[in-house]
Structures are given as structure tokens and as C-alpha cells.
Undergrad: 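Before I ask anything, here is the structure I am working with.
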Amino acid sequence: MKTFKFTFLFCTLFSMISFAQQRTCGSHEHMLEQMENNPKMEFNMLQIEQHTKDYLAKNEKLNGTIITIPVVVHVVYKTNAQNISEAQIQSQLDVLNDDFRRTNADADNTWSQAVDAEIEFCLATVDPDGNATTGIQRRQTNKPSFSSNDAVKKFGRGGLDAWPATDYLNIWVCNLGSGLLGYAQFPGGPSSTDGVVVDYAYFGTIGTATAPFDLGRTTTHEVGHWLNLRHIWGDGGCSVDDFVSDTPLSDGPNYGCAEGHVSCGSVDMVQNYMDYSDDACMNLFTVGQSDRMNALFTNGGARASLLNSGGCGAAAEPTCFDGVQNGNETGVDCGGDCDPCGSGATCSDGLQNGSETGVDCGGPDCDPCASCSDGVQNGSETGVDCGGPDCAPCSTGGACDTPTGLFASNIKPKSARLNWSAVSGATSYLVRIDEAGQTNWNEFTTSNTNISISGLVKNVAYDWNVTAICGGDQSDASGTCNFVAGQASTGDCAARLTSPNVAITLYPNPARDVLQIDGLNGVQVKSATIFNMDRSLKSFNNAVIDQGMDITSLSSGVYYLRIVLPDDSVQTKKFIVIK
């Protein structure tokens with residue numbers, strides 16, 4: 001029996017010191033960085049460890065219960081070679097199922113404790129909004145490579161945002177630098193970054209899969225970490241354990257296929273998926289490792305919510321009241337099997353539906369859309385809140401000149417100031433910014449001839465331009481300038497900056513007391529409204545809401561969160577409350 005000594009040394013990086021590449025894992029560095037930025041993670045991991053010990057002590061095993069985990073694969077690529085095929089992705093899913101169910105063709109009887117872990121994986125068929133999906137997302141990026149800093153998990157940093165960790169195993173496939181094959185987040189970390197990252201050259205068994213890591217075992221190894229398994233040597237010497245009683249003590253990783261290697265007075269289990277052996281050498285998990293993984297899915301376990309995920313179920317049929325165009329609907333909650341889209345306006349649901357000609361306005365059923373004070377050109381208006389028979393005439397004001405004299409100053413690693421020359425007659429200016437090469441502009445309005453931008457990422461390049469607004473008119477956008485965060489300006493139009501793209505995710509979903517909003521990144525929204533099909537229930541204006549929203553007053557049921565962003569774009573997300 002081994003000594004159960006708790007340690008946070010999960011993965012250790014090893015340099016490639018020979019001509020043949022050796023397996024490398026970035027999880028240790030990643031875990032240390034997460035713990036530094038999020039002190040609660042260590043507390044969470046200690047609780048998970050205690051839960052695991054309690055489960056093992058009760059000896060209430062899940063034998064015979066097959067756990068199925070929905071998987072979404074986020075492919076982030078710069079070159080066509082990195083944009084791996086659907087067939088290559090499926091080959092990796094096949095390996096995961098074979099390895100965790102011990103149906104792998106190379107399984108042998110070298111170790112009697114080798115076992116079927118009774119865990120399976122399926123590519124998601126339903127996305128977080130209930131719509132049909134292939135379980136694969138793709139995005140072309142301008143990033144040449146990624147590291148273990150989780151940038152690949154953020155849309156605003158060139159990657160793709162995670163799907164809810166309560167319902168999916170997120171796997172990112174990209175070009176990893178520094179010789180890393182992959183890295184994983186252990187249970188207990190932030191939900192917005194939860195999952196596994198694998199280099200595109202070591203994912204699956206076909207296409208770009210590269211020997212000696214071309215049998216899909218890198219992903220098996222990293223998913224093992226995601227399911228709370230440590231390295232087989234416990235990331236230490238003979239006095240440090242991996243929390244599993246039926247794996248022999250070892251003093252370090254094994255490379256290649258060092259069968260028969262002896263350390264700590266016993267033969268090393270080099271065939272275990274959690275060693276550093278080549279893919280062709282690996283072939284087993286043990287009974288103890290299986291029990292440790294299964295503990296996560298018991299009542300109160302860190303990954304128990306996955307048992308109730310509908311990620312591999314059938315896509316939602318149109319419900320005609322869920323605020324999403326799905327099924328055979330021809331509009332949001334209308335058409336197809338629902339009422340025709342030209343009828344049934346509710347005038348209070350925050351959506352343009354029924355006979356409405358705008359959001360909750362117009363048509364024969366609702367009030368006219370023109371309000372002359374809502375900051376939107378609607379109804380009979382000929383400009384924003386002006387013109388037509390209902391509002392004051394729009395100012396003609398003369399043509400607006402295009403702003404000139406653009407330059408960036410006071411450029412720091414996380415902030416910069418953008419400057420331009422005043423335009424005669426301008427009452428305000430519209431500033432658009434984004435990462436270099438991107439076109440999903442983030443917009444800011446100011447009455448000054450400069451604006452300070454924060455939240456930048458060091459050494460990331462940014463594009464920006466300015467438009468002048470003169471009453472009801474506006475100029476053409478200026479030429480696009482650029483700069484690099486943390487690097488001094490080299491001319492009038494030389495530097496860059498960004499404000500992350502907003503892609504909102506709600507969690508937990510279902511929720512009970514607090515609804516968390518991920519993806520706003522500190523953006524102050526114009527308004528946020530919680531409503532159901534009967535009425536508006538909670539409203540917030542000009543608020544920062546990504547610290548969570550109190551929903552203790554809501555009863556069980558289906559609700560919607562409608563968020564109006566600073567650029568007047570609207571995102572509506574469904575969530576469920578369970579008491």
C-alpha cells in the first residue's frame with residue numbers, strides 16, 4: 001500500500017534533449033498559473049480530494065454504469081494543414097472510447113489490474129442553445145501558435161470560447177508551441193477554461209498525426225488529467241504518490257517503451273496512459289485509476305453534472321416560445337409548426353416577432369416604434385431619434401470631414417491612448433478597434449479628441465480608426481492605424497489595441513441562486529433584462545454584470561436574459577431555474 005501524500009506537482013515539463021521527441025505535458029505550469037490567479041482553485045481541489053477519499057472509503061463503486069461524456073472539439077487553425085478533418089477528429093473519439101473501455105487492440109495481460117474504466121465519449125449533437133451540431137467548431141486565427149496560457153480558449157485572444165463545462169468536455173486542437181503535445185485543466189478550475197488542449201500534430205490517428213505520438217494517446221493522457229489522474233510517478237521521487245494504490249511507485253517519467261525498468265524497488269508501469277511513454281507502448285488504466293475517475297460522477301462530484309447533459313441527445317424541436325429560431329421555424333418562435341410570423345406579437349418579450357416592425361413595437365398590435373429618445377433609428381424616423389412626422393427634424397449640419405492626425409500614445413502592455421485632430425462641427429466621435437487583421441470592430445463613442453483604452457494584451461497588435469459625428473451626419477471612417485501593446489509608437493499612425501469580442505455564455509444552467517455571465521470581460525452593458533413569457537422580471541441599466549446576477553427570487557421555470565451591449569447589439573440567452 002502506498003503513502004497518500006497530497007501534492008500539487010501534477011505535470012513537469014521536460015526539455016527535448018535527444019534527437020527523438022519526448023512526450024511533454026504543460027499541465028503543471030498551467031495549474032500553477034491558475035492557482036496564482038485564482039486562490040480558490042487550491043481549496044476546490046482539496047475538497048475534490050476529500051470527496052474522492054470518502055467515495056473510496058465507502059466502496060460504493062459505479063460498476064456496470066457506463067458514463068457518457070459529450071465532447072465539443074474546437075479547431076483553431078492558421079494554415080490549412082492545421083484545420084484537421086472531421087475524419088481525423090472521429091479517429092480520436094474512437095481511440096478515447098477504446099482506451100477508456102479497454103477495447104483497444106493492443107490491450108494485453110502484462111498487468112492484472114488493467115480495467116475497463118466504463119467511461120465513453122460522444123461528439124455533441126446538440127449545442128448549448130438546443131440546436132443541432134456536429135460537435136465541431138472551427139476558427140481561422142492570425143496566431144502562429146498558442147501556449148499553456150489559455151489564449152486558445154478565448155475568442156478575443158484568437159481562439160474559441162468554451163461551451164458550458166457542466167454539459168461538455170471541451171477539447172481545443174491547435175498549433176502548440178514550446179514542444180508541448182498538450183495540457184489539461186484539472187477539476188476545480190474556472191469553468192470558462194475547463195477542458196483539454198492538444199497539438200494538431202498529435203491528435204487522432206490519421207491526417208497530421210505524427211509518430212511516435214500518432215495513436216491518439218496524447219488526448220487519452222490529457223483527458224486522464226481532466227478526470228483527476230496524476231502522472232504515474234506522482235511528479236516526484238519514490239516518496240511521492242499518484243493517489244492510486246495499485247500503480248507501482250516510480251521516481252520519474254519513462255520515455256519510449258522502457259519495459260522492465262525498475263525504480264523504487266519495483267517494475268515501472270510504463271504501459272500506463274499516465275506515463276510519458278510513446279503511444280505504441282501505452283495500453284491501460286488500472287482499477288484504482290478507474291475508481292478515482294468515477295468518483296467525479298458520484299453525488300456531489302466535480303463532474304457529476306455531465307450525467308444530466310443533453311449534449312448527445314436530439315436537437316430541440318420548435319417550442320414557439322423559447323426565444324430562439326429552431327426546428328422548422330421561419331422566424332424567432334414563429335412560422336413552420338408555430339403561428340405565422342405575421343401574427344401574435346407580444347409587445348413585451350424583448351424580441352421582434354409576430355406582426356411587429358421593430359422590437360416590441362409597430363404593426364397593428366403594438367405601439368408605434370418611433371420613440372424619439374431610444375438611441376435607435378426606428379418607426380418613421382429618418383435618422384437616429386429624429387425626422388419623420390413624429391420626431392424633431394434631423395440636423396443637416398453640413399458634411400462631416402474625415403478625422404485626420406491619428407496617432408497612439410502612452411502605449412503600455414495593457415493600455416494605450418488614441419488621439420486625433422478635431423473635426424469642425426463634430427459633436428462626438430466613434431472609435432472602432434480590434435486585434436490586427438480582425439473585422440469584428442468594438443466601438444466606443446466620445447466627445448473628446450482622444451480616448452484611453454485598457455484591457456490590452458502585451459505584444460498583441462491592434463487596428464483602429466475614427467469617424468466624426470456632426471448632428472445627424474457622420475464622416476467616412478479615417479484610415480486604419482495600428483500599434484502593438486507594450487511597444488512605443490513609431491509614427492503618427494503606428495500602434496494597436498483591442499477590447500475583447502463579446503460572446504456571452506450563461507452558467508450554471510440550470511441555475512439556482514446566482515446566474516453567472518461569462519464573456520463580457522468587464523464591459524458595462526446598456527441594459528440587462530430577465531424575463532419570461534409573461535413579463536419582465538428584473539432590469540439593470542448601465543451596469544457591469546459579469547460578477548453574476550442574483551436570481552434567488554425567481555421560481556422554477558424557463559427564463560431569458562436580454563443584454564443590450566454598448567454598440568446597441570442585442571444578445572438573448574435562455575436559462576432554466578431549478579429550486
Side-chain angles (χ1 to χ4, degrees), residues 1-12 23 25-32 34-35 41-63 67 99-100 102 111-119 183-189 194 196 220-254 263-277 282 284-304:
M1 181 67 69
K2 301 181 181 181
T3 301
F4 279 56
K5 180 179 179 181
F6 189 79
T7 177
F8 284 121
L9 300 178
F10 298 148
C11 297
T12 303
R23 186 176 301 280
C25 169
S27 300
H28 173 58
E29 179 186 40
H30 177 248
M31 179 271 301
L32 291 178
Q34 284 190 308
M35 291 178 64
M41 183 173 175
E42 181 174 356
F43 174 76
N44 292 342
M45 295 176 73
L46 286 167
Q47 284 193 315
I48 292 169
E49 196 59 39
Q50 186 60 52
H51 177 86
T52 301
K53 290 180 179 179
D54 293 344
Y55 165 74
L56 295 175
K58 292 177 182 178
N59 200 31
E60 296 175 356
K61 305 300 174 62
L62 295 177
N63 294 336
I67 297 165
D99 287 352
F100 279 82
R102 194 157 175 76
W111 298 92
S112 61
Q113 56 267 60
V115 71
D116 172 6
E118 299 182 328
I119 297 174
Y183 72 95
Q185 178 170 301
F186 286 86
D194 192 57
V196 166
T220 298
H221 177 100
E222 300 303 343
V223 172
H225 285 316
W226 182 78
L227 291 172
N228 208 25
L229 295 186
R230 316 299 167 83
H231 284 140
I232 199 74
W233 67 98
D235 295 288
C238 295
S239 63
V240 180
D241 193 22
D242 61 352
F243 298 173
V244 178
S245 60
D246 62 356
T247 56
L249 286 169
S250 179
D251 60 1
N254 288 281
S263 64
C264 305
S266 60
V267 176
D268 289 348
M269 190 180 281
V270 300
Q271 299 91 342
N272 196 283
Y273 294 124
M274 303 312 295
D275 206 337
Y276 269 6
S277 303
M282 296 176 163
L284 78 128
F285 289 118
T286 70
V287 173
Q289 288 175 318
S290 175
D291 289 343
R292 186 172 177 82
M293 291 187 284
N294 276 265
L296 297 171
F297 299 93
T298 58
N299 187 32
R303 303 212 181 279

Undergrad: Under a 3.5 Å threshold, yes or no: a donor from one side chain and an acceptor from the other, between W233 and N254?
TA: no
Undergrad: What are the two closest non-hydrogen atoms of G234 and V240, and how far apart are they?
TA: O-CG1, 3.2 Å
Undergrad: With no hydrogens and no angle check, is any side-chain donor or acceptor of R303 less than 3.5 Å from a backbone partner on W226?
TA: yes
Undergrad: Do M269 and T286 come within less than 4.5 Å of each other through their side chains, counting heavy atoms only?
TA: yes
Undergrad: Which atoms form the tightest heavy-atom contact between A295 and Y55, and what is the distance?
TA: CB-CD2, 3.3 Å
Undergrad: Listed by chain and number, what are the side chain to side chain contact (heavy atoms under 4.5 Å, CB included) partners of S290, not counting sequence neighbours?
TA: V115, A117, N294
Undergrad: So, does D246 use its side chain to make a donor-acceptor pair with the main chain of V287 at under 3.5 Å?
TA: yes
Undergrad: Which distance, rounded to the nearest 0.5 Å, do you find between the CG of L56 and the NE2 of H51?
TA: 9.5 Å
Undergrad: So which atom in Y276 and which in C25 form the shortest heavy-atom distance, rounded to 0.1 Å?
TA: OH-CB, 3.0 Å
Undergrad: Checking H225 side chain against F186 main chain: does a donor-acceptor pair fall under 3.5 Å?
TA: no
Undergrad: As a test of understanding, state which of D242, N272, N228 forms a side-chain hydrogen bond (donor to acceptor under 3.5 Å, both in side chains) with Q289.
TA: N272
Undergrad: Suppose we screen for salt bridge (charged side-chain N to carboxylate O under 4.0 Å, His left out). Which residues come up paired with D275, at least two apart in sequence or across chains?
TA: none
Undergrad: Just by modelled atom types, is the S250 backbone N or O under 3.5 Å from a matching donor or acceptor in the D268 side chain?
TA: no
Undergrad: With sequence neighbours excluded, what pairs up with D99 under the salt bridge (charged side-chain N to carboxylate O under 4.0 Å, His left out) test?
TA: R217
Undergrad: Among residues at least two apart in sequence or on other chains, which ones pass side chain to side chain donor-acceptor pair (under 3.5 Å) with Q271?
TA: W111
Undergrad: Does a side-chain heavy-atom distance below 4.5 Å link R292 with E49?
TA: yes
Undergrad: Could you grab the distance from atom CG of N44 to atom CD of Q34, nearest 0.5 Å is fine?
TA: 11.0 Å
Undergrad: What distance separates D291 CG from T52 OG1, expressed to the nearest 0.5 Å?
TA: 10.5 Å
Undergrad: Could I get the full list of ring pair (Phe, Tyr, Trp, His ring centres under 6.0 Å) partners for F100, not counting sequence neighbours?
TA: F121, F285
Undergrad: When you measure from the side chain of R230 to the backbone N and O of D235, does any donor-acceptor pair fall under 3.5 Å?
TA: no
Undergrad: Is any side-chain N of the basic residue among E118 and R102 closer than 4.0 Å to the acidic one's carboxylate O?
TA: no
Undergrad: Do Q50 and D54 have side-chain heavy atoms sitting under 4.5 Å apart?
TA: yes
Undergrad: Closest heavy-atom contact between L249 and S266?
TA: O-OG, 3.6 Å
Undergrad: Restricting to non-hydrogen atoms, name the atom on V270 and the atom on S277 that form the minimum distance, rounded to 0.1 Å.
TA: O-OG, 2.7 Å
Undergrad: Could you state the interatomic distance from CD1 (I67) to CZ (F297), rounded to the nearest 0.5 Å?
TA: 4.5 Å
Undergrad: What's the spacing between I119 CD1 and M293 CE if we round to 0.5 Å?
TA: 4.5 Å
Undergrad: How long is the straight-line distance from NE2 of H221 back to CG of L229, given to the nearest 0.5 Å?
TA: 9.5 Å
Undergrad: Could you tell me which residues satisfy salt bridge (charged side-chain N to carboxylate O under 4.0 Å, His left out) with D116, sequence neighbours excluded, listed by chain and number?
TA: R101
